Amino acid sequence: MKVGVIGLGAMGTGMARNLAKAGFLSGVYNRTSAKADDLANELAITAYATISDLAAHVELIISCVSADADVLEVVDAIANSGNANLIVVDTSTVSRQTAQQAAKLLAEHKIGFLDAPVSGGVEGANKGTLAMMVGGEIAILDQVRPALEAISARILHLGEHGAGQACKAVNQIMAAGINQAVCEALAFADAQNLDLAKVIEVVSGGAAGNWFLQHRGQTMSQDQFNPGFKLALHHKDLLICQQMAQQAEIPSPLTDTTLADYAQLMQQGHGNEDISALFRLKRKTPPRGTQ
Ligand code: NAP
């Protein structure tokens, strides 16, 4: 199966490398073409200048772009490419409605679609160990599963189109809570004059240990906030979660607080930092060396 990747950002690049390693990758497209050219040189595959050109040469497209409007723009270009023997698996995080809209538009052109958002961070994308939440027809998933296994260690079918994105919203609410918990707890540890490296090491091995503490604890305590997962992208996800919670008439205090915190950080110019930059708002003292 010939696979093409659209969107070579923090996530898409790792996915493309793993697809190449497994022998599936035939071409890539990126809006900023230099990134596609560099990766194509590295992997000895083709960098296509347009989405239509990529779509004409592959059987499966895996897309990973930023937000709802971007997914719809990409899907529109694929739909108008004229290749009907195609399946599109979108791994971006967007709303349930956007996934349904993308599926409908592609179905009108006889192109199959799965919403397949992922979790596991840039580390998971690089290692090929992402957790993938899939919405759409099981028969289509079965067809593309071998390629998806090159980028994911866990693939779960959640239901019809949009169900994958609904599950990803669950994940994003949980990620917000974990970010709040880790940042508040480490700010507290700092205020107790504890050695943060030792706190992170010992707490990681106990009942409160978690992925975020293990992967981001050390860097945030050293005032390093390189993404990772950009704060502005999580803000975009939590707006979706907030709207879904309002529609379902359930309270969402964690989501609401995190949105307000992120909005403040974005206003201060930290939107392109990792979500662990939330620590900036929680710690009492500025980092050593800046006082
Ligand atoms: P990123 O590093 O900002 O990369 C975004 C990519 O999308 C870039 O290649 C960008 O192209 C491309 N793009 C954006 N708008 C486009 C458009 N209209 N048409 C074509 N290409 C477009 O973001 P990321 O961290 O890889 O995240 C991508 C998606 O995965 C997001 O939906 C995010 O929420 C989700 N996600 C991220 C993580 C994470 O830890 N980072 C984890 C799980 C899921 P340019 O190079 O031209 O800008």
Side-chain angles (χ1 to χ4, degrees), residues 4-18 28-40 47-55 61-81 88-96 98-99 102 115-134 151-154 164-165 167-176 178-179 211-212 215-216 219 225-241 262 266 271-278:
V5 171
I6 295 179
L8 301 173
M11 297 297 285
T13 303
M15 291 184 202
R17 286 204 177 100
N18 285 313
V28 289
Y29 166 85
N30 195 65
R31 182 177 57 181
T32 307
S33 59
K35 278 196 221 168
D37 293 338
D38 288 350
L39 194 69
Y48 291 98
T50 64
I51 290 177
S52 281
D53 211 5
L54 172 85
I61 289 179
I62 297 180
S63 53
C64 191
V65 295
S66 307
D68 295 64
D70 306 310
V71 168
L72 292 175
E73 198 180 311
V74 165
V75 160
D76 192 56
I78 297 170
N80 291 308
S81 68
V88 177
V89 173
D90 181 49
T91 63
S92 323
T93 303
V94 293
S95 71
R96 188 172 200 157
T98 293
D115 49 298
V118 291
S119 177
V122 176
E123 291 83 351
N126 289 338
K127 288 187 196 150
T129 56
L130 292 165
M132 183 175 272
M133 310 152 206
V134 182
I151 58 175
S152 328
R154 191 179 303 215
Q165 293 295 353
C167 184
K168 176 70 192 205
V170 173
N171 186 86
Q172 296 312 76
I173 294 170
M174 229 177 267
I178 293 166
N179 192 6
W211 186 97
F212 191 70
H215 288 84
R216 301 286 179 262
T219 43
F225 305 112
N226 295 330
F229 182 33
K230 284 179 197 156
L231 194 142
L233 286 180
H234 198 196
H235 182 267
K236 168 257 312 175
D237 299 346
L238 292 175
L239 282 175
I240 295 170
C241 298
Y262 284 177
M266 284 157 68
N272 281 329
E273 292 184 345
D274 187 72
I275 60 169
S276 53
L278 179 66

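Both counts, for ligands and for their atoms, begin at 1 and track the order of listing. Scope of the values below: all heavy atoms of this structure, side chains included, with no hydrogens, waters or symmetry mates. Everything quoted here is computed from the prediction, not taken from an experiment.
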(message) Could you measure the distance from the CD1 atom of I78 to the CG atom of L54? Nearest 0.5 Å is fine.
(response) 7.5 Å
(message) If the condition is ring pair (Phe, Tyr, Trp, His ring centres under 6.0 Å), which residues does Y48 pass it with, not counting sequence neighbours?
(response) H57
(request) Examine the proximity of ligand 1 to L233 and report which part, side chain or backbone, both or neither, has a heavy atom under 4.0 Å away. (result) side chain
(message) Just to be sure I read this right, does ligand 1 sit under 4.0 Å from the backbone of K230, its side chain, both, or neither, counting only heavy atoms?
(response) side chain
(request) Please round to the nearest 0.5 Å and tell me the distance separating atom CG of L39 and atom CG of L8. (result) 5.5 Å
(request) Quick one: look up the protein heavy atom nearest atom 46 (O) of ligand 1 and list residue, atom name and how far away it is. (result) K35 NZ, 2.6 Å
(request) Give the numbers and elements of all ligand 1 atoms closer than 4.0 Å to a heavy atom of D70. (result) 15 (N), 16 (C), 17 (C), 18 (N)
(request) Give the contacting part of E123 toward ligand 1: side chain, backbone, both or neither, where contact means a heavy-atom distance below 4.0 Å. (result) neither
(request) Report the part of M11 (side chain from C-beta onward, or backbone N, CA, C, O) that has a heavy atom under 4.0 Å from ligand 1; answer both or neither where that applies. (result) both
(request) Below 4.0 angstrom from a heavy atom of T32, which ligand 1 atoms are there? Numbered from 1 as shown, please. (result) 45 (P), 46 (O), 47 (O)
(request) Can you measure from CD1 (I178) to CD1 (I275) and round to the nearest 0.5 angstrom? (result) 9.0 Å
(message) For the 3.5 Å polar cut-off, considering only N or O atoms, please tell me whether A10 and ligand 1 meet it.
(response) yes
(request) List in chain and number order the residues that pass side chain to side chain contact (heavy atoms under 4.5 Å, CB included) with C64, two or more places apart in sequence or in another chain; answer none if no residue qualifies. (result) M11, M15, T91
(request) Nearest 0.5 Å please: distance from the CG atom of N171 over to the CD atom of Q165. (result) 11.0 Å
(request) Please write down residue, atom name and distance for the protein heavy atom closest to atom 16 (C) of ligand 1. (result) R31 NH1, 3.4 Å
(message) What protein heavy atom lies closest to atom 4 (O) of ligand 1? Include the residue and the distance to one decimal.
(response) G9 CA, 3.3 Å
(request) Kindly identify the option in L130, N30, V94, N171 whose heavy atom sits closest to atom 11 (O) of ligand 1. (result) N30
